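Worksheet for the structure shown next.
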2 protein chains.
Amino acid sequence: MTEEDLILQQVLNEEEELTEKQKKIIIAAIESFSEKGFAATSTSEIAKKAGVAEGTIFRHYKTKKELLISIVTPVMAKLLAPFIIKDLNKVLDRDFEKFEDFLRAMIENRKKFLKNNFAIFKILVQEIPFQPELREQFLEHIAKKTFGRFAKLVEHYQAKGQIIEMPSASAVRLAASAIIGYLLINSVFGSGKEWDDEAEIERTIEFIMHGISKKE
Amino acid sequence: MTEEDLILQQVLNEEEELTEKQKKIIIAAIESFSEKGFAATSTSEIAKKAGVAEGTIFRHYKTKKELLISIVTPVMAKLLAPFIIKDLNKVLDRDFEKFEDFLRAMIENRKKFLKNNFAIFKILVQEIPFQPELREQFLEHIAKKTFGRFAKLVEHYQAKGQIIEMPSASAVRLAASAIIGYLLINSVFGSGKEWDDEAEIERTIEFIMHGISKKE
DNA sequence: TTAAAAAATGAGTGATTACTCACTTTACAG
DNA sequence: CTGTAAAGTGAGTAATCACTCATTTTTTAA
């Protein structure tokens, strides 16, 4: 439970048996795709960066696109896995009495994930609009499975009287917008000293719960 | 005041005098860049789609990148212009008594803009991570000018007692996250019949004002 | 009507692209 | 050791890339 978040490591170790050269190819490809974009990265460049002959790439991956997909797929499958697939059901009835506490844990969890997998995440976001395979995977893994789970979670807290009545899809959208907005801005400005992270997290949670209007 | 939002038309008509062929090049380039991405689009493809010789492109634009920038720059400059540069100051003290009304107008305004300029907007978002010139322009036009104006607007409504006390930057971030989240999801699912647009707009505004917690 | 300027052309440039394949090296079971 | 399969190689492929330039067509103005 220490560093299950490092998807790169996870893929390099667990999955199938990868040769040393193959690992180097993956690492080099992630770096280049993230920096320059998929289409603007050449296979010769990846080979050079990986210290490998260009032919070696095509021994393991039939095409350049297949290399991309082999990198991005595990992120898809695990993007929200720690909470969703493993823990969400427990969370639902046991762990968090208050929705606010769930939000806090959620933000912390996804923040770590994003930090640990920023390069791969960036590739994913960049290429989804152009790669139909990726879009399908995304809809399958994220949009359907994950979103459905969150909807149920919202309904749970609605039943408890902590969340107002509205379609659960809308509630998920609104909360997710705020959290994703926080995560993205934190990933850009998080290192600056004007950014008070603790405070911003609390403001985000407070905002999701109570908005920004003055109570009277 | 009818269709000032169509940036493409605006560029093609107003700006400098463009030849017919040049207009066709711009239209073809926007289409291809939006569909396949900048790096994956070839100049020969643009020329063919525009019904123009490839050399004609390079008569007007020194490089392919210059073509990209000439397309995206006006969007930058005008992305939030209608509200910001032209109307925001008036709005500030006169038009909207309540912050909620401002939000409503804001959402409607930006929704139209996005709908009318979706292809160019997509290109902008896609290429900002890879084109330093675009990033600079973005910081100059959007991040600084626009964000500063919004911050002032928030402070105005804080002074009126309609928004709780918090750093104005944080309030802008939170409200903008909710609005942008709405706009993006609307641009994807907005055509489906499960999407009740009026209701989602109101929920978004209500969320920004009061969050999703049950009042008691 | 004409001459100069601007716009447009498309064949041609060398560089680079993703990918192939005959070959060599390495790993390992019997 | 030996044989076999997998891993790795890098020169070579045709296609495509962004871009050039000598030439032709169109526009403009006197």
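Chain letters run A, B, ... following the sequence lines, proteins first, then strands; residues in each count from 1. Being a predicted model, the structure only gives us computed values, none of them experimental.
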Do the charged groups of Arg203(A) and Glu200(A) touch, with an N to O distance under 4.0 Å?
yes
Please determine whether a side-chain nitrogen of the Lys or Arg among Lys49(A) and Glu31(A) lies less than 4.0 Å from a carboxylate oxygen of the Asp or Glu.
yes
Counting side-chain heavy atoms from CB outward, which of dA18(D), dC19(D), dA22(D) is closest to Thr63(B)?
dC19(D)
Looking only at dC19(D), dG8(D), dC17(D), the nucleotide nearest the Phe58(B) side chain is dC19(D)
Would you please confirm or rule out a distance under 4.0 Å between OP1 or OP2 of [N] and any side-chain N or O of [X]?
{"X": "His60(A)", "N": "dG8(D)", "value": "yes"}
{"X": "Lys21(A)", "N": "dT9(D)", "value": "yes"}
{"X": "Thr19(A)", "N": "dG8(D)", "value": "yes"}

Do Ser44(B) and Glu54(B) have side-chain atoms, one donor and one acceptor, less than 3.5 Å apart?
no
How is Ser42(B) classified with respect to the nucleic acid when contacts are heavy atoms under 4.0 Å: base, sugar-phosphate, or nothing?
sugar-phosphate
Footprint ends on DNA chain C, 5' to 3', for atoms under 4.0 angstrom from a heavy atom of chain A, come out as dT17(C) to dA22(C)
Heavy-atom side-chain contact between Ile123(B) and Phe38(B) under 4.5 Å:
no
Quick check on DNA chain C: between Gly55(A) and Glu45(A), whose nearest nucleotide comes earlier from the 5' end?
Glu45(A)
Heavy atoms only: give me the nearest Gly181(B)-Ser177(A) pair and the separation to one decimal.
CA-OG, 3.5 Å
